[in-house]
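Numbers restart at 1 for each chain; the letters A, B, ... are given by sequence-line order, proteins then strands.
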There are 2 protein chains.
Amino acid sequence: MRIPDIATQNCSIAHAIGVVGDTWTLMVVRELFLGTRRFDDLQLATGISPHLLSVRLRELVADGIVERTEYRAGRYEHFLTKKGADLWPVMFALLDWADRWGEWPQGRPVYVRHTECGKLTKLKLRCSCCDGPIHHANTRFEGSPGALAERQARMEKAPLAGATPARAKRGATVKGVTRSRATRNP
Amino acid sequence: MRIPDIATQNCSIAHAIGVVGDTWTLMVVRELFLGTRRFDDLQLATGISPHLLSVRLRELVADGIVERTEYRAGRYEHFLTKKGADLWPVMFALLDWADRWGEWPQGRPVYVRHTECGKLTKLKLRCSCCDGPIHHANTRFEGSPGALAERQARMEKAPLAGATPARAKRGATVKGVTRSRATRNP
DNA sequence: TAGATCACTTCAATTTTTGAAGTCAAGAAA
DNA sequence: TTTCTTGACTTCAAAAATTGAAGTGATCTA
């Protein structure tokens with residue numbers, strides 16, 4: 001399977017990964033969140049090559065994540081659209097993870113300030129229904145019947161490289177419902 | 001700049017992107033969250049090639065995100081470590097974004113159930129200080145002095161491809177503090 | 001005792017990425 | 001007016017990464 005085909009898998013996470021889950025795409029989106037607007041500045045700040053920046057920006061515009069406006073003949077500014085700005089929780093989640101697990105001998109590089117209360121904030125997730133704290137251990141991902149069927153089919157039919165005919169016929173293990181409790185010793 | 005160097009940038013988001021922001025890495029992590037444990041199943045479910053899966057799993061183990069255990073001579077199972085399981089908010093944020101912006105004619109493929117209250121939940125972020133709702137428009141990213149200095153230096157010294165000497169000397173625009181209000185018409 | 005299974009590795013072909021160099025149009029400076 | 005500078009790219013060859021078919025070898029299983 002090629003990377004562009006990932007977005008077509010019937011899974012929300014895979015779809016998102018297929019659309020924005022590329023390393024340089026994520027870096028460009030980060031930079032747009034930090035307020036960088038111009039091509040050369042995006043290039044300098046992220047370290048991406050000009051060719052790839054050009055390609056990635058075109059893809060982001062095609063996907064409705066970035067808007068390009070001509071602020072002067074031949075000069076452009078790049079903005080996140082509403083759809084792009086909605087990636088903010090993804091950025092925050094990445095930031096929070098790196099803050100917790102990275103090594104920062106000089107202290108954390110970035111903070112998130114809640115401008116309404118004026119204080120710095122960390123990532124805090126609540127259940128939209130009961131308002132209780134949620135995390136991987138008290139939630140589970142549930143596939144819709146259609147998604148599960150497609151997944152099942154993909155794992156049965158897929159021509160696994162090196163697979164013997166018998167294996168391909170039998171198919172692999174697919175669980176209908178999986179607990180988020182993904183660690184071995186939770 | 002090469003992709004492996006991204007993780008060394010003094011920015012939490014860039015660090016996280018450098019470590020787990022690769023398309024297939026994210027797909028493998030998703031699959032581990034869904035409970036898949038074995039090599040061939042990871043390959044079938046994600047669509048990754050065996051060579052790359054082998055490479056990516058080794059990297060994930062080296063980064064302390066995945067643990068490999070031999071459940072029978074020569075047979076291995078893969079688990080997310082605590083560090084890996086802590087990527088759950090990233091997965092949830094990607095899922096939520098795709099649910100909101102993807103097209104799902106057959107309905108959403110995946111739900112997240114809060115097992116404590118039994119209901120399905122959506123992504124809800126709260127300020128860890130005042131408990132108010134937070135989003136890109138009422139927060140801002142703030143760089144630490146050290147991180148800002150490093151960023152400044154990178155943008156001044158970087159040998160921008162095609163840059164004239166004057167531009168390299170002048171350096172590009174760097175904002176000290178940038179509002180999260182990244183969209184044009186918020 | 002002959003498959004079958006699993007967890008890979010190998011490798012050539014293909015595709016993507018890199019980064020230096022160039023292009024072109026428009027505004028600014030001399 | 002002519003030259004310089006800036007910004008936003010494109011082009012292209014070299015280098016690196018990815019793909020996927022085809023092994024490999026050590027267990028199990030019928």
- Note on the structure: Of B/Gly74 and A/Gly74, the one whose closest nucleotide on DNA chain C sits nearer the 5' end is B/Gly74
- Query: Whole-Å distance between C/dA25 C1' and A/Tyr76 OH?
  - Reply: 10 Å
- Task: Could you tell me whether the side chain of B/Asp63 and the main chain of B/Ile65 form a donor-acceptor pair under 3.5 Å?
- Result: no
- Task: Measure across A/Pro50 and A/Phe39 and return the closest heavy-atom pair with its distance rounded to 0.1 Å.
- Result: O-CZ, 3.5 Å
- Item | Whole-Å gap separating P (D/dC9) and CZ (A/Arg75) | 11 Å
- Once you round it to whole Å, what is the distance between P of C/dT15 and CG of A/Asp5? 13 Å
- Are A/Tyr111 and A/Trp88 co-members of a hydrophobic cluster defined by side-chain heavy atoms under 4.5 Å apart? no
- Query: Does the distance from a Lys or Arg side-chain N to an Asp or Glu carboxylate O, for A/Lys122 and A/Asp99, drop under 4.0 Å?
  - Reply: no
- Would you mind reading off the distance between A/Asp41 atom CG and D/dC9 atom C1', rounded to a whole angstrom? 14 Å
- Please state how far atom CD in B/Gln43 lies from atom P in C/dT5, giving the value in whole angstrom units. 15 Å
Grab the N/O contacts between the protein and nucleotides 17-19 of chain D below 3.5 Å, and write none if there aren't any.
| unit_1 | atom_1 | unit_2 | atom_2 | d |
| --- | --- | --- | --- | --- |
| D/dT18 | OP1 | B/Arg56 | NH2 | 2.8 |
| D/dT18 | OP2 | B/Arg56 | NH2 | 3.3 |
| D/dT19 | OP1 | B/Trp24 | NE1 | 3.3 |
| D/dT19 | OP2 | B/Trp24 | NE1 | 3.3 |
| D/dT19 | O3' | A/Arg2 | NE | 3.4 |

- Task: Rounded off to whole Å, could you give me the CG-to-C1' distance for the A/Asp40 and C/dG19 pair?
- Result: 14 Å
- Query: How many Å lie between CG on A/Leu53 and P on D/dT11, as a whole number?
  - Reply: 16 Å
- Task: Please determine if B/Asp5 and B/Arg2 form a salt bridge, counting it only when a charged side-chain N lies under 4.0 Å from a carboxylate O.
- Result: no
- Message: Suppose clustering is done on Ile, Leu, Val, Met, Phe, Trp and Tyr with side-chain heavy atoms closer than 4.5 Å. Which residues sit in the same group as B/Tyr76?
- Response: none
- For the side chain of A/Arg68, starting at C-beta, report the closest nucleotide among D/dC9, C/dA26, D/dT10. D/dC9
- Query: A/Phe39 side chain: which of C/dC8, D/dA8, C/dA26 is closest?
  - Reply: D/dA8
- Query: Once you round it to whole Å, what is the distance between P of D/dA8 and CD of A/Glu70?
  - Reply: 11 Å
- Message: Can you see if the side chain of B/Ser54 gets near the phosphate of C/dT9 - specifically, an N or O under 4.0 Å from OP1 or OP2?
- Response: yes
- Here the gap from B/Arg113 atom CZ to A/Glu142 atom CD, rounded to the nearest 0.5 Å, amounts to 4.0 Å
- Item | Nucleotide of D/dT10, C/dG27, D/dA8 approaching A/Arg58 most closely (side-chain heavy atoms) | D/dT10
